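Shown next, in structure tokens, is the structure this report addresses.
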Number of protein chains: 2
Amino acid sequence: MPLTGQAARALIELRARIFTGRLRAGDRLAEIPLAEALGMSRTPIRLALSALQSEGLAVPAPGGGFAVRAFTVREVDDAVALRGQLEGMAARLVAEHGVSRGLSRRLHEALDQGDAALARGVLDEEALDAYGAMNTALHAAIAEAAGNAPLSRAIAAVEALPFASASALVPSPGSAPQRHRLLTFAHQQHHLLVEALEAGQGTRAEALAREHADNARRNLRLILDSGEAEGLAALITFSDAVA
Amino acid sequence: MPLTGQAARALIELRARIFTGRLRAGDRLAEIPLAEALGMSRTPIRLALSALQSEGLAVPAPGGGFAVRAFTVREVDDAVALRGQLEGMAARLVAEHGVSRGLSRRLHEALDQGDAALARGVLDEEALDAYGAMNTALHAAIAEAAGNAPLSRAIAAVEALPFASASALVPSPGSAPQRHRLLTFAHQQHHLLVEALEAGQGTRAEALAREHADNARRNLRLILDSGEAEGLAALITFSDAVA
DNA sequence: CGCGGCCATGTTGCATGCAATGGGGCTCTC
DNA sequence: GAGAGCCCCATTGCATGCAACATGGCCGCG
């Protein structure tokens, strides 16, 4: 992954602008304005746009060029379900292969951090950040430990989509007490999942991982139905599909 | 998908050269020779190389540029296992949502075509082609009918890898009688899978789809162990990994 | 007044030019 | 003779130029 290079910079910046809503769904990605805005020539922009298409964040526009992909609610929901299936596979593989001493330590560290973040009844900004980081680390540890590179790639690909990431919904939902309840429940699932992994219960681990993702799907619908879609409107089209 | 355009042509041609072994694992993908060979400038070549990287067929080379990705046996095996998990999800979704009349027709047509191709004891070239086409159609029908676009994308991505495709192993394995036995068994699994789909048995359908992929994994190992790796040596490195 | 065709313009897609970087080979020295 | 340093060159990555295409507006015509 070239951290230097204009094309990489363009890709990162474009991703950021899409995720933050500065570029909204359907917006045309014209090369010249982007090149000027990013202070580079059109060539690296073109490369970044092509990569963005591979990532699924941009779609070819009629008559050439690209536009920001419009995601339907259905599609985001489907993506989370897919993530559940993939993480379920990862969990099953880990359980079947056995949990190494190092992995066990990583998992329990994450669980402890989550417990600590949730220990106080309220979740301030700092606790939310800590929980989010813990969540990312836990899921990443399991995905890695599965030892299946194509699987890891597939998980990374689906996490590149907006709101499909494991910790995408952490900061958002509802009131503070409700949020605490939701995260507490999710973290209980984490505990059960680790328990299943260490007990070598592959099928149970897979089922728990799926249920964990389904939980995220429910929370997502909660957010959308509650009209709490702050930045979401930029990315999700509430009417019908734009493939 | 732009069917016209030099970049698209370059991408297709490069994919073909990698799959046919004309470009071997580890080969450096230098722009100028490729541009000359394909009769175009370096610009569309660069675009195609970037896309090839997204597809996982090329990796960035140290010091810039790209090289043909080297696949380990392990990685191909993992990719097929992943395909099984994904097709298992598709099968489960289809079973849960119910099989439409049109889908049922497509499925049974495929089953009949497979039966016909296998009816004669021997498998000539034509019968193999027919079986392969049937196989592709059957798997594609189920993947589509699942109605989960991110899932379809994921399946397409994993099928883009060499030997991970559903029908990649059809023409290859072993002697003619052995091949007939293997395909007959695989097709019996097709029958059972369709039965499960139409009976709404989601869990069974998922298990069958996974088992079907595991069957492909066994056949793959059979080929590799039997030294029948004709064009495979160009793509698979039998020593250790090159990420 | 409405519609069709034409032109102008903006944009894309490709080709080419140019500087920077990294590697290989040669030579000089010890 | 072996090793180290230097120079040349090939290759990449980016910038820019150019032609083709599609789009939108305007004018002329019905």
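The structure presented is a predicted model; accordingly, all values stated were derived computationally and were not measured. Letters A, B, ... are given to chains in the order of the sequence lines, protein chains preceding strands, and every chain is numbered from 1.
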**Message:** Measure CG/Leu38(A) against P/dC14(D) and give the value in whole Å, please.
**Reply:** 13 Å
**Message:** From CD of Gln53(A) over to P of dG13(C), roughly how many Å is that when rounded to an integer?
**Reply:** 10 Å
**Message:** Between P on dC14(D) and CD1 on Ile45(A), what's the gap in Å once rounded to a whole number?
**Reply:** 11 Å
**Request:** List for me each residue that meets side-chain contact (heavy atoms from CB on, under 4.5 Å) alongside Ser41(B), sequence neighbours excluded, and say none if there are none.
**Result:** Thr43(B), Pro44(B)
**Item:** side-chain hydrogen bond (donor to acceptor under 3.5 Å, both in side chains) between Glu87(A) and His212(A), intermediate numbers included
**Value:** CA-CA 10 Å; Glu87(A) 294 191 334; His212(A) 190 53; over 6 Å; no
**Residues in side-chain hydrogen bond (donor to acceptor under 3.5 Å, both in side chains) contact with Gln113(A), at least two apart in sequence or another chain** = none
**Asked** What pairs of residues pass the salt bridge (Lys or Arg N to Asp or Glu O under 4.0 Å) test when at least one of them lies in residues 37-51 of chain A, not counting sequence neighbours?
**Response** Glu31(A)-Arg42(A), Glu31(A)-Arg46(A)
**Prompt:** Got a sec, which residues hit side-chain contact (heavy atoms from CB on, under 4.5 Å) with Ala137(A), two or more places apart in sequence or on another chain?
**Reply:** none
**Fill in**
residues 139-160 of chain A vs salt bridge (Lys or Arg N to Asp or Glu O under 4.0 Å), sequence neighbours excluded, gives Arg106(A)-Glu144(A)
**Prompt:** Do Arg17(B)'s NZ or CZ and the ring of Phe19(B) fall within the cation-pi criteria of under 6.0 Å and 45°?
**Reply:** no
**Arg210(A): partners by salt bridge (Lys or Arg N to Asp or Glu O under 4.0 Å), with sequence neighbours left out** = Glu206(A), Glu206(B)
**Item:** Rounded interatomic separation in angstrom, taking CZ from Arg46(A) and P from dT11(C)
**Value:** 14 Å
**Complete:** Sequence neighbours excluded, the answer for side-chain contact (heavy atoms from CB on, under 4.5 Å) partners of Glu96(B) is Arg92(B), Leu93(B)
**Request:** Could you check how far CG of Leu34(A) sits from C1' of dG13(C), rounded to whole Å?
**Result:** 16 Å
**Item:** Contact state string [nucleotides 16-24 of chain C, B base, S sugar-phosphate only, - no protein heavy atom under 4.0 Å]
**Value:** BB-------
**Prompt:** Quick one: which of dC14(D), dA15(C), dT12(C) gets closest to the side chain of Ala7(A)?
**Reply:** dC14(D)
**Asked** Taking CG from Leu47(B) and C1' from dG13(C), how many angstroms apart are they, rounded to a whole number?
**Response** 9 Å
**Message:** I need the CG-C1' distance between Leu49(A) and dT11(C), as an integer number of Å.
**Reply:** 13 Å
**Request:** May I have the distance from Arg28(A) (atom CZ) to dG24(D) (atom C1'), rounded to whole angstrom?
**Result:** 13 Å
**Request:** To the nearest 10°, let me know how far the axis at one end of the helix from dC1(C)-dG30(D) to dC30(C)-dG1(D) is tilted from the axis at the other, five pairs an end.
**Result:** 0°
